[in-house]
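Scroll down for the structure; my scribbles are underneath it.
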Number of protein chains: 2
Amino acid sequence: MLSPVQYGVGARFTLSVYADDYVDVILGALGAADASGLEIDTGDVSTFIGGDERRILTYLREVIAHAASTGKHLSAQILLSRGCPGELQCELPAGVAAIGGDAVELEPTGIRARAHWSLYPLLDGGHDAEHMDGIEQGIEFARNNGTYSGSDHFATRLDGDLAAVLATVASGWLLVGRDVQHVTTHVTISINSPTLIDD
Amino acid sequence: MLSPVQYGVGARFTLSVYADDYVDVILGALGAADASGLEIDTGDVSTFIGGDERRILTYLREVIAHAASTGKHLSAQILLSRGCPGELQCELPAGVAAIGGDAVELEPTGIRARAHWSLYPLLDGGHDAEHMDGIEQGIEFARNNGTYSGSDHFATRLDGDLAAVLATVASGWLLVGRDVQHVTTHVTISINSPTLIDD
């Protein structure tokens, strides 16, 4: 059995805080979250997180919830990837099949999140599936847990508690990962937007 | 010949301004750009842009350059998609082959941008290509125009004038689109980051 890092499981994320004191908010949020067991590499464009899927998602929930607790408007851009451990190469040891997982559950935050979500099963020739099949599985999951709130161009709209939105994104990615080796997903999450005040 | 809209050509983007007066900066930038010939739909998570590829890229260049001219730290998250006009369905009229295009050139801005870029050729079973082939084509383009600055986990790092970074992202997407119908690309661009001051 490959470890998550050997299988290329990880995330990149960019936390954007729409306020003059964004440095304090971002550093405070990163400092408040439990990073044990994870590889964290913060750069000037985005932060890499490597490790077990559930630990990655728990960490992201903590960081974003802490930043959101300031009440500042923020957006989080998250990329999750699995099954392609190299930068340019997706080669795994011979005989390794797709490794997916069960749906993820995260403790509710009380923070309302709205998101645009895209899920990408990256098939190669010879695979017998259509790539939209996996995407429909993920959307069905979102319908069942109540976060689905419509399909826009190129993205599915999710609406709900931050924890439920993150869990939906991660669960779609893990469930499609059972059938497809290389799966990525991108989500843009908006929190504390002034346009939500009257909703 | 299908129109760009019929072929599903479009973008979603989120402009994040790390400043208390973000509303003024974002509305000013959107108002200053020439949106003629484009369908623009601004929502609370992201903005949709539909239309011809070159017009979309020229518009994005203008919006982001205008916001960057304030000197505020900002990030732009852009998704480009082609070949999948429906939200959940990628069906095109029978007989339509992949429609790509030539590389895009954009007028330089004098604004330095750093980015993390991911390119996704979305193949279906029966296609005779490997999905990483198209990605390597895109990276080769970035090496040739000088914006390539390394491969990080799950993303290629681009560094250069904002116009060159946007042109690289769009050109990789258009060149891969010659062979693959449904191609998406995501880029996170950082501008005016305080961590760049000493570089």
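Chain letters run A, B, ... following the sequence lines, proteins first and then strands; every chain starts at 1. The structure displayed is predicted, hence computed values, not measured ones.
Cluster membership for B:V45 and A:V169, using ILVMFWY side-chain heavy atoms within less than 4.5 angstrom, is not shared. Taking hydrophobic clusters as Ile, Leu, Val, Met, Phe, Trp and Tyr residues chained together by side-chain heavy-atom distances below 4.5 Å, B:F141 does not share a cluster with B:V187. With hydrophobic clusters built from ILVMFWY side chains whose heavy atoms lie under 4.5 angstrom apart, B:L175 does not share a cluster with B:I99. By the criterion of side-chain heavy atoms lying less than 4.5 angstrom apart, applied directly or through intervening Ile, Leu, Val, Met, Phe, Trp or Tyr residues, A:L2 is not grouped with A:V5; the two fall into different hydrophobic clusters.
Side-chain contact of B:T188 with A:S46: a donor-acceptor pair under 3.5 Å is absent, judged by distance alone.
Ring geometry for A:F48 versus B:F154: interplanar angle of 30 to 60°, hence tilted.
Interface remark: A:L80 contributes no atoms to any contact with chain B (heavy atom separation under 4.5 Å). Within the 4.5 angstrom heavy-atom criterion, no atom of A:L74 approaches chain B. When heavy atoms are compared at a cutoff of 4.5 Å, B:L15 approaches chain A solely by way of its backbone atoms N, CA, C and O.
When all heavy atoms of A:H116 and B:R12 are compared, the closest pair comes out as CE1-NH2, 3.3 Å. The nearest pair of heavy atoms linking B:L79 to A:S118 is CD2-OG, 4.0 Å.
Listed by chain and number, the residues in a salt bridge (Lys or Arg N to Asp or Glu O under 4.0 Å) with B:D102 are B:R178 (sequence neighbours excluded).
Using a 4.0 Å cut-off between charged nitrogen and carboxylate oxygen, A:D44 and B:R157 count as a salt-bridge pair.
Here the side chains of B:Y18 and A:V23 are not in contact, with every heavy-atom distance at 4.5 Å or above.
Ranked by heavy-atom pairs under 4.5 Å with chain A, the first of B:T14, B:D41, B:T184 is B:T184. Top candidate by heavy-atom pairs under 4.5 Å with chain A, chosen from B:G10, B:A19, B:G8, B:A11, is B:A19.
Ring centroids of A:Y120 and B:H186 are separated by less than 6.0 Å, placing the two rings close together.
Put simply, the side chain of B:D20 gets close to the backbone of A:D20: a donor and an acceptor are under 3.5 Å apart.
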